[in-house]
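Computation of the quantities below employed the complete heavy-atom set of this structure, encompassing side-chain atoms and omitting hydrogens, waters and symmetry-equivalent molecules. So you know, we letter chains A, B, ... as the sequences are listed, proteins then strands, and number each from 1. Just so it is clear, the model here is predicted, and its values are computed rather than measured.
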2 protein chains.
Amino acid sequence: MATRTRRTQRRTEALSRERIVEAAVELLDAAGEGGLTFRALTERLATGPGAIYWHVANKDELLDAATDAVVATALAAERAGSAGSAGPAGPAEPTEPAEPTEPAERTEPAEPSNSPQDKIRAVAFGLFDAMEDHPWLPTQLALQLSRSPWGSVTPQIFESIGRQVRALGVPEGHWFTATSALVHYILGAAGQNAANSATARTLVPDVDRAEFLDAASKAWKELDPDDYPFTRAVAAQMRDHDDREQFLAGIDLVLTGITALHLPGERGRTTSSAT
Amino acid sequence: MATRTRRTQRRTEALSRERIVEAAVELLDAAGEGGLTFRALTERLATGPGAIYWHVANKDELLDAATDAVVATALAAERAGSAGSAGPAGPAEPTEPAEPTEPAERTEPAEPSNSPQDKIRAVAFGLFDAMEDHPWLPTQLALQLSRSPWGSVTPQIFESIGRQVRALGVPEGHWFTATSALVHYILGAAGQNAANSATARTLVPDVDRAEFLDAASKAWKELDPDDYPFTRAVAAQMRDHDDREQFLAGIDLVLTGITALHLPGERGRTTSSAT
DNA sequence: ACCTGAACACCGTTCAAGT
DNA sequence: ACCTGAACACCGTTCAAGT
């Protein structure tokens, strides 16, 4: 009732950069890009703005730190999953069968084999999931990239993917190209997917994701037939696609390109595909 | 002299949505994301904010319109270059022997052949150049994608690439996957490159791009050897890479994956590579 | 129908002052 | 060294009023 929202929690731990970043992530998760405000932060942390500025230079730095933290967690979680080279790594990750339209016997690499390809897929899905959990992540990633292209986040992702590119046997001269291609595809596709999910949740909360894609598909079908013949033709495919399956197919496509172009001897072996 | 900046130009043409978007692009080009302000716009167009709001719902819509306009121009410019459809698709695609590691006799497809591959490269470089000319474009693209994933810009790019994927002979069932992979790579890689250029220009105006990459490369070499062995190893490659050559190599990599995976009969023919 | 411009609510950031 | 909180400059947006 009081117009003055009372401080939600007495400050138990001293203010610290870490605590501030943590609160920032919570605010972003709860209310999106617009939810992170120095005033909201101030209230949640039970301080004044000056206290925050003591630990953090400005809002951009805070956003970068939040982005860094979330990406680091995603990559660390993945690394743990494939950690012990020995570990049987548990049964088959029965998270959920997904069950999209029909096929997709397995959407993801069910058994975490230790091949470089599977590790790349694991890293990719780690980022994929992080973007679904934190819908603000793709945008912030793009913003940070434009602020400092080779800043703190890029090396993290680059390293995770690059190690596996090296393990694949790609000759050193092509490491940069191959890794860049993978990273660009992964960030782009995962981001697009996260945007879909977020829009489905936000714009039409009562409607599920399938219905959202259905609406988008219908919009595509109503495009000008002269200007957009291809997009119209592919509208149904867009509606019916399963995200994770599609994402995985794209990764395999890039992996196939890498092996075909840079591992002339082993075309057949590397990528799974239909087989 | 007067503290009040006099209206820079008497309004010659009536205010229109088109004129507003044009001014918005000019402001973005001149001063970046922060340069577009309703106050700046108001002054440049010699009006009040209310007039602008008569033609445009809000700032997001204006940014979307500016993004749309720039992308449309980029794609139209490319389309003009490769007009004819009659082409018998040429002999055996002697586009270029690739030969990555050192030479780069010519960075881009010099002669605009009519093969689908070359048209894809042309579209890609059209977007690449647009992002270099308009450093705010990658970020706005990402923002628009997160606002309305299948909005107005996506179909434009999707259509341009997708038509060529179809012309490539990719079976219909794979159109969506193949086109998505190409689009994600192109947007991601072009955006990263644009960020590099923009940072080189902005942060260190007196220093050229090569020196900027040199600095970034040095930063990579100083990363923790235990945590970042790959990134450190690839730092020199990052420093020495030629942007357009690299960009093209990535496109060819994805194209190779598409042909290898989806055109089983014609592995040799499509993408140039070493042959 | 189209435009004006004062006013409002909100935001990032600063800084003199406290402990 | 770390925190407080009032104050400042600026921004997107609204709206009663004009033509």
Tell me the interatomic distance from A:Asp60, atom CG, to C:dT13, atom C1', rounded to whole angstroms. 13 Å
Given D:dC2, C:dT13, D:dC11, which nucleotide is nearest the side-chain atoms of A:Trp54? D:dC2
Identify which nucleotide among C:dG12, D:dG12, C:dC3 has an atom closest to any side-chain atom of B:Thr47, counting heavy atoms from C-beta outward. C:dC3
Nucleotide paired to C:dC8 in any strand shown, Watson-Crick or G-U, under 3.5 Å: D:dG12
Among the nucleotides C:dG12, D:dG12, D:dC3, which one has an atom lying closest to any side-chain atom of A:Leu15? D:dC3
For C:dC3 and B:His55 - does any side-chain N or O of the residue sit under 4.0 Å from the phosphate oxygens OP1/OP2? yes
Atom-to-atom span, CG of B:Asn58 to P of C:dA9 - whole angstrom: 20 Å
Can you tell which of C:dC3, D:dG12, C:dG12 lies closest to the side chain of B:Ala51? C:dC3
Identify, between A:Phe38 and A:Gly50, the residue whose nearest nucleotide on DNA chain C lies closer to the 5' end. A:Phe38
Need the pair for C:dG18. Rule: Watson-Crick or G-U wobble, both distances under 3.5 Å, any strand; none if unpaired. D:dC2
Please report the distance, rounded to the nearest Å, between CG in B:Leu41 and P in D:dG12. 10 Å
Between C1' on C:dC10 and CD on A:Glu33, what's the gap in Å once rounded to a whole number? 18 Å
Rounded to whole angstroms, how far apart are CD1 on B:Ile20 and C1' on C:dC3? 11 Å
When all nucleic acid strands are considered with a 4.0 Å heavy-atom cut-off, which category describes B:Leu36: base, sugar-phosphate, or nothing? sugar-phosphate
Please report the C-alpha distance between B:Arg244 and B:Asp129 in whole Å, then the side-chain angles of each, then the deciding distance to 0.1 Å, and finally whether the salt bridge (Lys or Arg N to Asp or Glu O under 4.0 Å) criterion is met. CA-CA 10 Å; B:Arg244 304 179 84 86; B:Asp129 292 338; 3.0 Å; yes
Length of the line joining B:Ile52:CD1 and D:dT14:P, which is rounded to integer Å: 13 Å
Take atom P in C:dC2 and the same atom in D:dA17, then report the distance between them in whole Å. 22 Å
Between atom CG in B:Leu27 and atom C1' in D:dC11, what is the gap in whole Å? 15 Å
Apply side chain to side chain donor-acceptor pair (under 3.5 Å) to B:Thr177 and A:Gln246, showing your working. CA-CA 6 Å; B:Thr177 306; A:Gln246 199 72 21; 2.5 Å; yes
Per atom distances to the A:Pro49 side chain, the nearest of C:dG5, C:dA1, C:dT13 is C:dT13
Strictly by modelled atom types, are A:Ser152 and A:Gln144 linked by a side-chain donor-acceptor pair under 3.5 Å? yes
Close side-chain approach of B:Arg239 and B:Lys221, heavy atoms under 4.5 Å: yes
Rounded to whole Å, how long is the line connecting atom NZ of B:Lys59 with atom P of D:dT14? 14 Å
Report the C-alpha separation of A:Gln140 and A:Thr67 in whole Å, then their side-chain angles, then the decisive distance to 0.1 Å, and conclude whether the side chain to side chain donor-acceptor pair (under 3.5 Å) test is met. CA-CA 7 Å; A:Gln140 282 316 125; A:Thr67 305; 4.6 Å; no
